[in-house]
*Asks:* 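What follows is a single structure, and I will ask about it in a moment.
Note that the structure is a prediction, hence the values are computed from the model and not measured.
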Amino acid sequence: MAERVTSTMGEKVEHLRTRRAQSLAMGGDEGLRKHRESGRLPVRERIDLLLEPESWFELGALALPEHRTDRDIPGDAVVTGYGLLDGRRIAVIGIDASVVAGTTAPVSMRKQGRLIEQAQRFGVPLVLLCDADGGRMPDVSGWRFSGLPLDFTRFLKSPPGLPPVPRAAAVLGPSYGDSALHASTAHFVVMVRTGSVALSGPSVVESAIGERLTDAELGGPQPAAETGNVHMVVDTEREALDAVAAFLSYLPSSAERPAPVGPPREPGRPPEQLAELVPLGARAGYDMRQVLDAIADDASILPWGDGWGPSLLTALARIRGRPVGLVANQPVVRAGALDPAALAKERAFVDLCDTFGVPLVFLHDVPGLMIGTQAERGGILRCYEQVVSRIAEARVPKVGVVLRKAYGGGHFAMGGRPTRPDFLYAWPSAELGFMAPDTGVRTVHRRLLERALAEQGSGARDQLVEELTREWRSEAEPWEAAAHLSLDDIIEPAATRDVVATSIEIAWGERPRSGRWE
């Protein structure tokens, strides 16, 4: 738009208002109509749903693309600014897919990068509303791509010297290229079931390698959840934005501040039920979510990555109003054994909690690490080393409780003694050791059992297995571990919530409540 000559301040202000009105048009009537017909909300309605009324403070509204055409592209297809969420200031980047499919160009990238840099410098949480179809042509073609204003020292993470700020992303439509990169930087990613996220979209994939895929097949809810690209899948955009708000409610505005405390509540399930919820037989299945309900405050559990490595549950929650990170084996999925995906998820979650000063609570019921060719080819050794190292390095309070079984490397990967937990407890039903009794007896005493079979027959061998297993289980009981201080105490199941809460209070001691030593 060519500048016109104005002679009075009033005319200049009127010209400003005209330009501001144009910046609010987004994709115009036709673009917004098509966008709504796809089942998606316009970006400004999304922002209104997320933030407190009348709190929006926009920056960069008058931005326009470097490569101008006859088509208006308000804000260069991205909306950026600040607003209030639960009384706290947050920064918001919302991709406007109602115009040029939300594609990225140099100005929109510069606009996003500037807000990210500000959020990091000001210590403000960052929310990313993803809905874009990758790079815009010809704006990023040829030599222009190399010169894009993208600084990975700031775009992907907080630069040295600045404490990290929480990042949450909502995938609200097909999200490729820049939007996918945003999601990859977030500590929490929620996706609507009609969304998708991938490095490149189906059209690029087909052109490049000849693979024909739909959005859902490439990066829809199932593949995205199973790979850990998203941590939660919901039905509607409103639910997605509510999930973003819930996630941020557990975390401080930046890593140098304490995590916010909410009003304490009673647990969702009476703690007295814990002894009945967990069966004594090591092979009997039960849903660990019921145990979490009896330990955490009512309606406070926010699952994180349920579709990724599902033999391990990770969730943010509150105990007596204080945020905690729950890490628990899930016996109904492969008996709770830890595979590479579960270990990778655990490491990422431990890192999240330690970064933002959220205490960690480990609930052990683990038969061990997955073994075999699939686990080895999945890199289980590397994943195991990384998770135990990260747990050991964590400075937030760490409290562990062995509910039923904790064997081998699985025990250590759940915050066992070598990872330096502040407190480690067990129920009377706990079993500990380097290997489960059934497997251990057949492994350690293999030759003895073979000799019994050869000399006395299968009946004698089976009787010997039973005797050795009984002896093995006796040594696996928690009493000697407590006697030698490998455990801090053996507790009644009903006391778990109170013991964990008190232990966290003691473990904080005089350390900064952000969990970070000066």
*Asks:* Closer than 4.0 angstrom, basic N to acidic O: yes or no for E376 and R382?
*Replies:*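 Salt bridge absent between E376 and R382.
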
*Asks:* Can any side-chain N or O of E346 pair as donor or acceptor with the backbone N or O of V387 at less than 3.5 Å?
*Replies:* no

*Asks:* Can you list the residues that meet the side-chain contact (heavy atoms from CB on, under 4.5 Å) rule with A246, with sequence neighbours excluded?
*Replies:* L302

*Asks:* Quick test of your reading of the model: are D488 and R417 salt-bridged, counting only N-O distances below 4.0 Å?
*Replies:* yes

*Asks:* Among residues two or more places apart or on two chains, list those pairs meeting salt bridge (Lys or Arg N to Asp or Glu O under 4.0 Å) that have a residue in residues 180-195.
*Replies:*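 The answer is R193-D235.
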
*Asks:* Among R347, R390, R395, which one satisfies salt bridge (Lys or Arg N to Asp or Glu O under 4.0 Å) with D354?
*Replies:*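 Of the listed options, the one satisfying the test is R390.
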
*Asks:* Checking side-chain polar atoms at under 3.5 Å, does T236 have a donor or acceptor matched by the opposite partner on E239?
*Replies:*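 Indeed, the side chains of T236 and E239 share at least one donor-acceptor pair under 3.5 Å.
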
*Asks:* Taking atom types as modelled and ignoring hydrogens, do the side chains of S196 and Y176 form a donor-acceptor contact shorter than 3.5 angstrom?
*Replies:*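 Short answer, yes.
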
*Asks:* Suppose we screen for side-chain contact (heavy atoms from CB on, under 4.5 Å). Which residues come up paired with L485, at least two apart in sequence or across chains?
*Replies:* none

*Asks:* Mind jotting down which residue pairs meet the salt bridge (Lys or Arg N to Asp or Glu O under 4.0 Å) criterion with at least one end in residues 194-203? Sequence neighbours excluded, please.
*Replies:*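 Output for this query is empty, none listed.
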
*Asks:* What I want to check is whether the side chains of Y82 and Q118 have a donor and an acceptor closer together than 3.5 Å.
*Replies:*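 Judged by distance alone, the side chains do pair up.
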
*Asks:* Output yes when a side-chain donor or acceptor of E237 lies under 3.5 Å from a complementary backbone atom of L41, and no otherwise.
*Replies:* yes

*Asks:* May I ask you to decide whether D76 forms a salt bridge with K111, counting only side-chain N to carboxylate O separations under 4.0 Å?
*Replies:* no

*Asks:* Testing the 3.5 Å rule here: is there a donor-acceptor pair between the side chains of T18 and Q22?
*Replies:*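 Looking only at side-chain atoms, Q22 and T18 do not form any donor-acceptor pair under 3.5 Å.
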
*Asks:* Test of understanding: with ring pair (Phe, Tyr, Trp, His ring centres under 6.0 Å), list the residues that count as partners of H411, not counting sequence neighbours.
*Replies:*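 Only H364 meet the ring pair (Phe, Tyr, Trp, His ring centres under 6.0 Å) criterion with H411.
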
*Asks:* Are the side chains of V499 and Y425 in contact, using a 4.5 Å heavy-atom criterion?
*Replies:*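 Touching, per the 4.5 Å side-chain cut-off.
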
*Asks:* What's the separation between atom CD in Q330 and atom CG in D365, rounded to the nearest 0.5 Å?
*Replies:*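 So the gap between those two atoms works out to 9.5 Å.
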
*Asks:* Quick one: pull up CG in L338 and CE in M370 and give me the separation to the nearest 0.5 Å.
*Replies:* 10.0 Å

*Asks:* Between E505 and R322, is there a side-chain N and carboxylate O pair less than 4.0 Å apart?
*Replies:*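 A salt bridge links E505 with R322.
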
*Asks:* Show your working on side-chain contact (heavy atoms from CB on, under 4.5 Å) between R167 and V189 and close with a plain yes or no.
*Replies:* CA-CA 9 Å; R167 295 192 187 203; V189 185; over 6 Å; no

*Asks:* Between the side chains of D306 and R289, is the shortest nitrogen-to-carboxylate-oxygen separation below 4.0 Å, so that they form an ion pair?
*Replies:* yes

*Asks:* Please list all pairs meeting ring pair (Phe, Tyr, Trp, His ring centres under 6.0 Å) that have one or both residues in residues 234-260, counting only residues at least two apart or in different chains.
*Replies:* F188-F247

*Asks:* Under a 3.5 Å cutoff, is there a donor and acceptor pairing between the side chains of W56 and E54?
*Replies:* no

*Asks:* Do R136 and T103 get their side chains close enough for a donor-acceptor pair, meaning under 3.5 Å?
*Replies:* yes

*Asks:* Pick from L172, V92, D96, I95: which one makes a side chain to side chain contact (heavy atoms under 4.5 Å, CB included) with R46?
*Replies:* L172

